[in-house]
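Source: prediction; values computed, not measured.
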Protein chains: 2
Amino acid sequence: MRERPGDNGTVPTAKKKPNVSPSPERRRELLDTAAEVFAAQGYNATTVRKIADAAGMLAGSLYYHFDSKESMLDEILATFLDELWTGYDTVLAAGLGPRETIEALVTESFREIDRHRAAVAIYQKEARTLATQPRFGYLADSQTKFEAAWLGTLERGVADGVFRADLDIRLTYRFIRDTVWVAVSWYRPGGQHSPEEIARQYLSMVLDGVAVRT
Amino acid sequence: MRERPGDNGTVPTAKKKPNVSPSPERRRELLDTAAEVFAAQGYNATTVRKIADAAGMLAGSLYYHFDSKESMLDEILATFLDELWTGYDTVLAAGLGPRETIEALVTESFREIDRHRAAVAIYQKEARTLATQPRFGYLADSQTKFEAAWLGTLERGVADGVFRADLDIRLTYRFIRDTVWVAVSWYRPGGQHSPEEIARQYLSMVLDGVAVRT
DNA sequence: TAACCTACCAAACACTTGTTAGGGAAGCTT
DNA sequence: AAGCTTCCCTAACAAGTGTTTGGTAGGTTA
């Protein structure tokens, strides 16, 4: 999935690895705090000095662990997408029916929001602009694969007669996709509802509607 | 609705009005192009030079028409919210039933997305962060009023037995609100569907669900 | 013709940005 | 004790930021 352009670039100067060998644990810690700041303020509005502040160090010190501000963002998003697709692929390989597949995908999505709240928030805000950049081409790849999985499942459901045939299926896809992922804008881990409970209610609304049956 | 802090600020230096008297039509033109750039790149990632480029002039020339980059954003959002509430208030004053009110609000929302695509996109991306700033306090006010209108209508619908009583009503509110407004991320005016047609399909999904009734 | 107004340009300003270079303190290894 | 590694700091850099100041071409008014 992840096509790493890495050092293949047209840029003559090879991209530097950090001078020495920082510990992966510390990297993770710093990436987590960076992700929080990115999510709260937006990537562009976040200065490396703010990240350093949140981490209790000075701006320049971050460059012992990372090549650049952009590579922090890169690693945050790539890690999230890797884990997301691990979950999705498991669901898609399970050979469930269309309705059960949708239910499992939605539930899995809310679990990802629960586990990677900051990364999902960043993704939501920045993905569209980033996807055009070569370095973040894997975002576009992911979106394509994502759309294929959901649209395919919906089409299968319409063919099987479990989903309504009178709706624009592309509209339905965007509808479900968006309703799930925008939840990250208000969801806070450890809140009233568990991810599974939220998924259950969302699915109930999406599948059966909010109106009383007459 | 709009509490204009204006020049009352604690800041000692009085905020300057533009030196002379630029034409309101030209202001509108420039605000429209500025809104497009803000929507496409994000407010923080947008430099005044990019706006000036898009408008075919130099950066400094913008300051003949506007006090600052921030005041452009302010005027864009304030104008949008004013028109939004004109529409909403008309709907809310019509004395419709709960279901008809929701239908009218959703339809009106898609019309606003159609008319103010750029402003809505900016609002979606930046409102949360901006609302904390005193200058943009009216954003928070609007959100409060917004929530009251929708939640009230939903509660009335549950009481009247037209909406399901087994759902978390706050979750339902966020669900409907988000499904409507995120549409701005993919909606393009002049596309396949009119705002009314999109509203019709969205309402069909939200109210009746995407699953086939058994 | 002279005065004036509108809408822009040219050039600079102070500041913030991401990033780099050199160094040093602590801990571990030999 | 000497050397090495890890992790951070100090101090600066060039580029880019929003904004200001003074000027000026062209039209309108007197």
Side-chain angles (χ1 to χ4, degrees), chain A residues 7 9 11-35 37-38 41-76 126 129-130 133 135-136, chain B residues 7 9 11-34 37-38 41-76 126 130 133 135-136:
Chain A
D7 306 43
V11 190
T13 65
K15 297 194 177 177
K16 301 189 308 274
K17 293 289 170 188
N19 335 356
V20 277
S21 55
S23 90
E25 297 80 22
R26 186 64 176 135
R27 280 175 70 89
R28 263 286 128 227
E29 268 184 53
L30 292 173
L31 281 179
D32 283 347
T33 71
V37 186
F38 284 153
Q41 323 233 3
Y43 174 71
N44 283 289
T46 300
T47 70
V48 293
R49 284 169 179 81
K50 284 184 193 166
I51 301 175
D53 271 8
M57 55 200 289
L58 290 184
S61 307
L62 286 172
Y63 290 80
Y64 171 71
H65 298 276
F66 306 101
D67 283 351
S68 64
K69 178 188 173 188
E70 196 182 71
S71 73
M72 295 187 216
L73 177 63
D74 192 356
E75 195 163 335
I76 289 168
E126 320 284 352
T129 352
L130 290 176
Q133 246 168 291
R135 173 168 196 173
F136 294 92
Chain B
D7 307 44
V11 190
T13 66
K15 299 193 176 178
K16 299 189 307 273
K17 292 288 171 189
N19 335 353
V20 278
S21 56
S23 90
E25 297 80 21
R26 187 65 176 134
R27 281 176 69 88
R28 263 285 127 227
E29 268 183 53
L30 292 174
L31 281 179
D32 283 347
T33 71
V37 185
F38 284 153
Q41 324 232 4
Y43 174 72
N44 282 288
T46 301
T47 71
V48 293
R49 283 167 180 83
K50 284 183 192 167
I51 301 175
D53 271 7
M57 55 198 288
L58 291 185
S61 307
L62 286 172
Y63 290 80
Y64 172 71
H65 299 275
F66 306 101
D67 283 350
S68 64
K69 178 188 172 188
E70 196 182 71
S71 73
M72 296 189 217
L73 177 64
D74 193 357
E75 195 163 335
I76 290 168
E126 320 284 351
L130 290 175
Q133 245 167 293
R135 173 169 195 173
F136 294 92

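For B:Ser61 and C:dA7, the shortest distance from a side-chain N or O to OP1 or OP2 is not below 4.0 Å. Dashed line: the shortest gap from a side-chain N or O of B:Ser23 to OP1 or OP2 of C:dT6 is not under 4.0 Å. For the pair A:Arg26 and D:dC8, the criterion of a side-chain N or O lying under 4.0 Å from OP1 or OP2 is met. Not one side-chain nitrogen or oxygen of B:Ser68 sits closer than 4.0 Å to the OP1 or OP2 atom of D:dG18. Within the structure, every side-chain polar atom (N or O) of A:Tyr64 is placed at least 4.0 Å from both OP1 and OP2 of D:dC8.
Classification of B:Arg49 and B:Asp53 as a salt-bridged pair fails, no side-chain N sitting under 4.0 Å from a carboxylate O.
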Show your working on side-chain contact (heavy atoms from CB on, under 4.5 Å) between A:Asn44 and A:Glu126 and close with a plain yes or no. CA-CA 9 Å; A:Asn44 283 289; A:Glu126 320 284 352; 4.3 Å; yes

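Here the shortest heavy-atom pairing between B:Ala34 and B:Ile51 reads CB-CG2, 3.9 Å. Here the shortest heavy-atom pairing between A:Phe66 and A:Leu30 reads CE1-CB, 3.9 Å. The shortest non-hydrogen separation linking A:Gly42 to A:Thr46 is O-OG1, 2.6 Å. Residue B:Met72 comes nearest to B:Leu31 through the heavy atom pair O-CD2, 3.8 Å, listed as atom of the first residue, atom of the second, then distance.
Remark: P of C:dT16 and CG of B:Asn44 are 15 Å apart, rounded to the nearest angstrom. B:Leu62 places its CG atom 17 Å from the P atom of D:dT21, with the value rounded to the nearest Å. What separates CZ of A:Arg27 from P of D:dC8 is a distance of 13 Å, to the nearest Å. D:dT19 atom P lies 8 Å from atom NZ of B:Lys69, rounded to whole Å. Distance CD (A:Glu25) to C1' (D:dT6): 13 Å, rounded to an integer number of Å. Separating the NE2 atom of B:His65 from the C1' atom of C:dT6 is a distance of 9 Å, rounded to the nearest angstrom.
Comparing D:dG18, C:dG18, D:dC9 by their closest approach to the side chain of B:Tyr63 singles out D:dG18.
Applying a 4.0 Å cut-off to non-hydrogen atoms, the residues of residues 47-58 of chain A that approach DNA chain D are A:Arg49, A:Met57, A:Leu58, listed by residue number.
Judged as a salt bridge (charged side-chain N to carboxylate O under 4.0 Å, His left out), and not counting sequence neighbours, the contacts of A:Arg26 are A:Glu29.
Backbone-only contact: B:Thr46 has heavy atoms under 4.0 Å from sugar-phosphate atoms and none from a base.
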